[in-house]
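Computed over heavy atoms, backbone and side chain alike; hydrogens, waters and symmetry mates excluded. Letters A, B, ... mirror the listed sequences (proteins, then strands); counts begin at 1.
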Number of protein chains: 4
Amino acid sequence: MKNRKGRKGEESRKRLLKVAANEFSIRGFHDTKVSTIVKRAGLTQPSFYLYFPSKQAIFEELITDFHSRVRHLTESLLLESGIKQTDVSNRVLSAVETVFQFLAADLDLTRIGFFLNPDAKQMKKDLAMVLKDNLEAEQRLGYFRSDLDMETVAECLIGIIEHLTDSHLLPGSKDPASLAAQVVNLLIYGMLPNQGALQKRGDIR
Amino acid sequence: MKNRKGRKGEESRKRLLKVAANEFSIRGFHDTKVSTIVKRAGLTQPSFYLYFPSKQAIFEELITDFHSRVRHLTESLLLESGIKQTDVSNRVLSAVETVFQFLAADLDLTRIGFFLNPDAKQMKKDLAMVLKDNLEAEQRLGYFRSDLDMETVAECLIGIIEHLTDSHLLPGSKDPASLAAQVVNLLIYGMLPNQGALQKRGDIR
Amino acid sequence: MKNRKGRKGEESRKRLLKVAANEFSIRGFHDTKVSTIVKRAGLTQPSFYLYFPSKQAIFEELITDFHSRVRHLTESLLLESGIKQTDVSNRVLSAVETVFQFLAADLDLTRIGFFLNPDAKQMKKDLAMVLKDNLEAEQRLGYFRSDLDMETVAECLIGIIEHLTDSHLLPGSKDPASLAAQVVNLLIYGMLPNQGALQKRGDIR
Amino acid sequence: MKNRKGRKGEESRKRLLKVAANEFSIRGFHDTKVSTIVKRAGLTQPSFYLYFPSKQAIFEELITDFHSRVRHLTESLLLESGIKQTDVSNRVLSAVETVFQFLAADLDLTRIGFFLNPDAKQMKKDLAMVLKDNLEAEQRLGYFRSDLDMETVAECLIGIIEHLTDSHLLPGSKDPASLAAQVVNLLIYGMLPNQGALQKRGDIR
DNA sequence: TATGAATGAGCCTTCATTCAT
DNA sequence: TATGAATGAAGGCTCATTCAT
C-alpha cells in the first residue's frame with residue numbers, strides 16, 4: 001500500500017534502461033546520445049539525470065546487469081554438471097545450448113556485455129575458467145582425451161560461441177538449439193570420418 | 001602539379017598511418033584524437049589534412065590495407081590447398097598456422113581490421129566462405145565426415161581464430177605455431193578419447 | 001485561507017532559514033543549492049517553494065533580517081552616545097565592543113549580511129554615517145582633534161571592524177571585548193609613544 | 001627574428017585576460033560566462049580553450065598575477081623600510097601611499113585578487129605579517145608605543161586599506177595620496193587632541 | 001610542405017523551478 | 001503541509017576541420 005518511491009519513476013527508469021540498451025547496441029557508446037535515449041523514452045534530458053548520474057553510468061549499469069546474469073548462468077551450469085549423467089556429449093550439448101539460449105534472451109544486452117563492454121575480455125576469461133574446470137573434471141573421469149589442454153578447449157568454445165552469436169544469433173538467422181547441436185557435434189567427434197562416432201552422433205540430434 | 005613524389009611528404013604520410021594505426025588499436029576510433037596522432041607524428045593538425053581528407057578516411061585506409069592483405073592471404077591459402085597433400089590434418093594445420101602468422105604480423109592492423117572495423121563481419125564471412133570451399137572439397141574426397149555442415153565448421157574455426165587472436169596473439173602470450181597446433185588437434189580429432197586418433201596426433205606435435 | 005499559523009509550517013520555514021543561512025555562509029550564493037538546503041532541512045524541493053518564492057528570495061530575507069538587526073544596533077548606539085559620559089575613550093570602547101558583540105551573535109548572518117550581500121557597501125556607508133555623526137558631535141565638544149575628517153575616521157573604523165570580524169571573529173580566534181580594546185587603544189592614542197596617553201591607556205586595559 | 005609562438009596568439013591571449021578580468025570584476029566568477037568573455041575579445045568559444053584549459057584556470061591565472069605583483073610590492077616595501085629615514089611618519093605614509101597606488105593601478109585585478117579570490121584571507125594574512133615585522137622593528141627602535149600589539153595594528157591597517165579601497169579607490173572617489181595621508185594621520189597621532197602632534201602633522205600634508 | 005590561429009557544431013550536465021497528486 | 005516526477009534554460013567544454021600565410 002505505501003508503495004513509496006513510486007511506480008511511475010520505476011517505470012521511467014526501466015524505460016530508459018531499455019531504450020539505452022537498444023541505442024548502445026545499435027550505435028555503440030559514443031554515437032549514442034543522451035538526447036536520443038531520452039526522446040525515445042518520452043522524457044527530457046534532466047529526467048535522465050534523475051535516474052542515472054551520467055551516460056557512462058547507465059552504460060555500466062547495463063554491463064553490470066549482464067555480468068550478474070552471466071554469473072547466474074555459470075552457477076546453473078555448475079549445478080547441472082554436478083548431476084550425474086550417463087552421456088557426456090548430451091551434457092555438453094545441453095550446456096552449450098543453455099548458453100546460446102541465455103545469449104539469445106536479450107540481444108541488446110548481449111551485444112553490450114559481450115561486444116561493447118571494454119572489460120569483456122576479462123569476463124570471457126572468467127567464463128573460460130569455469131568451463132575449463134568442468135571439462136577437466138570430466139577429463140579426469142576419462143570422458144575426454146587426456147592430452148587435450150582444457151584451457152584452450154574452453155577458449156575455443158568461447159570463441160565459437162562468441163562468433164556464432166555475432167554472426168547468427170544476433171541477426172536471428174539461426175536458433176540456439178541448432179547452433180549448439182552443430183558446435184557440439186564438431187567438437188566432440190572431430191572432423192575425421194571415424195566409424196565409432198557415427199552411432200553416438202545420433203544421440204545428439 | 002600533384003607531384004606525389006615528395007620524399008618528405010611520403011614519409012610524413014607513412015608516419016601518420018603508423019601512429020594512427022597504433023592509436024586506433026589502443027583507443028578505438030572515437031577515443032583517438034587527430035590532435036594526438038599529429039603530435040606523435042611530429043606534425044600539426046593542418047598537415048594531417050594534407051594527406052588525408054578526414055579522420056574517417058585514414059581509418060578506412062588502414063582497413064583497406066588490412067583488407068587487401070587478407071585477400072592475398074586467402075589467395076595463398078587457395079593455392080596451398082590446391083596442391084595435393086597426403087596428410088589432411090597437416091594441410092589444415094599449415095593453413096591455420098599461416099592465418100595466425102598473418103594476424104600476428106601487424107598487431108595494430110589486426111586489431112583495427114578484425115575487431116574495430118564495423119564491416120569486419122562481412123570480411124569474416126568472406127573468409128569463412130573460402131575456408132568452407134576448401135573444406136567441402138576435402139569433404140567430398142572423403143577426408144572429413146560427410147555429415148558435417150562445413151559452413152558452420154568454417155565459422156567455428158573463424159570464431160576460434162578470432163578469440164585466440166584477441167586473448168593470446170595480441171597480448172603476445174602464445175605464438176602462432178602452438179596456437180594452430182592446439183586448435184587443429186582439437187578440431188580434427190574431437191574431444192572423445194578415441195583410439196585411432198591417438199597415433200595421428202603425434203604427427204602434429 | 002492563508003492561515004499562516006500552522007505550527008509545523010512555521011517550524012519548517014524556520015529550519016529552512018537556518019540551514020540556508022549556514023549554507024550561504026559556507027558556500028556563498030551560487031554554490032548553495034536549493035536541493036542541499038531542503039535535504040538538510042528534511043524537506044523536498046517543492047516544499048521550499050511553499051515558503052519562499054525563490055532562492056534569491058530566501059537570501060534576501062536573510063539579508064533583510066540582518067539589516068533590521070543592524071538598524072536596532074545603530075539605534076542603541078545613538079541612545080548610548082546621547083547619554084553623557086565623562087570618559088570619551090570608554091564611550092568609544094563600549095560602542096565598538098557592542099558592534100563586535102553584535103557581529104559575533106550570529107556568525108552565519110554576519111557573513112551573509114556583511115560579506116556576501118551585494119549591497120553591503122551601502123549598508124556600511126550608512127553605518128559609517130551614524131558613526132560619523134556621533135564622532136563629529138564629540139569632536140565639536142573638543143574631545144577629538146579638530147583637524148580629523150570624521151567621515152574618514154568612521155570609514156577606517158568600519159574597515160577595521162570588517163577585517164577583524166573576518167579574520168578573528170568568524171573563525172573564533174579572538175573575542176569581541178579584546179578586539180574592541182585593542183582597536184580603540186590604537187585609534188584613540190595613535191602609534192607614537194606620547195607621554196600623556198600612557199596614563200589614560202590604563203583605563204582601557 | 002624567429003619569434004615562434006606568434007605575436008597574434010599572444011595578443012588574443014592578453015585580450016582574453018583583460019576582458020576576463022573586467023568581467024570577473026564586475027560580475028563575479030559564476031555570473032561571468034565564457035561566451036561573454038570570448039565575444040568581447042572578438043573570438044569564439046573554442047579559441048578560449050586554445051589559451052586556457054578552463055574558466056577556472058583563467059580566473060586563477062589572474063589571481064596568480066595579482067599575487068606575484070603583491071609579492072613584488074612587499075619586497076619593495078621591505079627595501080624601502082631598510083633605508084634609514086629620519087621621520088617615521090613619513091616612512092609609514094610613503095608605504096601606505098605605495099600600497100594604495102599599487103591597488104589603484106589595476107582596479108579589475110585588485111577586485112579579483114583582493115575581494116573575489118577565495119584565498120584572499122591567506123594573502124591578507126601574509127601581507128599583515130610583512131607589515132607587522134616592519135612595524136615591530138621600528139617599535140624596538142622606540143618609534144612606536146611599546147605596548148601596542150603590532151600584529152593587530154597591522155591587521156587594522158589592512159582592514160582600513162581594504163575598506164577604503166572598496167569604498168573610495170575602486171569607485172574612484174578619492175586618490176591614493178589623500179587616502180594615505182588621512183589614514184596615517186589618524187593612526188600615527190590618534191584621535192585625541194594632543195598638542196605635540198599638531199606640529200608634526202604638518203609634515204604629512 | 002608546413003603551421004599558427006581560429007571556428008562550427010554539438011554534447012553532457014546542472015539547477016532552479018513547477019505540475020499533479 | 002507535503003512530495004514524486006518532470007522540465008526549461010543555459011553553460012562549459014571538445015573535436016574535427018579550415019583559413020591564411
Per nearest nucleotide of DNA chain E, the residue lying toward the 5' end, Phe29(A) or Gln45(C), is Phe29(A)
Residues, nucleotides or ligands: over 12 heavy atoms within 6.0 Å of Lys121(A) NZ: yes
Closest nucleotide among dC19(F), dA2(E), dC12(E) to the Ser12(B) side chain: dA2(E)
When you get a sec, tell me which of dA16(F), dT3(F), dG8(F) is the closest nucleotide to the side chain of Ser47(C)? dT3(F)
Hey, does the Lys NZ or Arg CZ of Lys8(B) hover above the aromatic six-ring of Tyr51(B), less than 6.0 Å from the centre and inside 45° of the axis? no
Checking all strands, does Thr36(A) fall into the base, sugar-phosphate, or nothing category for heavy-atom contacts under 4.0 angstrom? nothing
Decide whether Arg71(C) and Ser68(C) meet the rule of one side-chain donor and one side-chain acceptor closer than 3.5 Å. no
Measure from NZ or CZ of Lys39(B) to the centre of the six-membered ring of Phe48(B), then state whether that distance is under 6.0 Å and the direction lies within 45° of the axis. no
On DNA chain E, check which nucleotide each of Thr32(C) and Ser54(A) is closest to and give me the residue with the more 5' one. Ser54(A)
Let's see if you can work this out: which of dT17(E), dA6(F), dA6(E) has an atom nearest to the side-chain heavy atoms of Leu50(D)? dA6(E)
Check the phosphate of dC11(E) against Ser35(A), side-chain N and O only, distance under 4.0 Å to OP1 or OP2. Yes or no? no
Taking a pair to mean Watson-Crick or G-U wobble geometry with both distances below 3.5 Å, dA20(E) pairs with dT3(F)
Under 4.0 Å between any heavy atoms, over every strand shown, what does Leu43(C) touch: base, sugar-phosphate, or nothing? Just pick one. sugar-phosphate
What is the nucleic acid contact for Tyr51(B), judged by heavy atoms within less than 4.0 Å: base, sugar-phosphate only, or nothing? sugar-phosphate
From the list dT13(E), dA2(E), dA16(E), which nucleotide is the closest neighbour of the side chain of Lys55(A)? dT13(E)
The side chain of Lys8(A) lies closest to which of these nucleotides: dA5(F), dA2(F), dT14(F)? dA5(F)
From the options dA6(F), dA16(E), dT3(E), select the nucleotide whose nearest atom is closest to the side chain of Lys33(C). dA16(E)
Thr44(B) side chain near dT3(E) phosphate (N/O to OP1/OP2, under 4.0 Å): yes
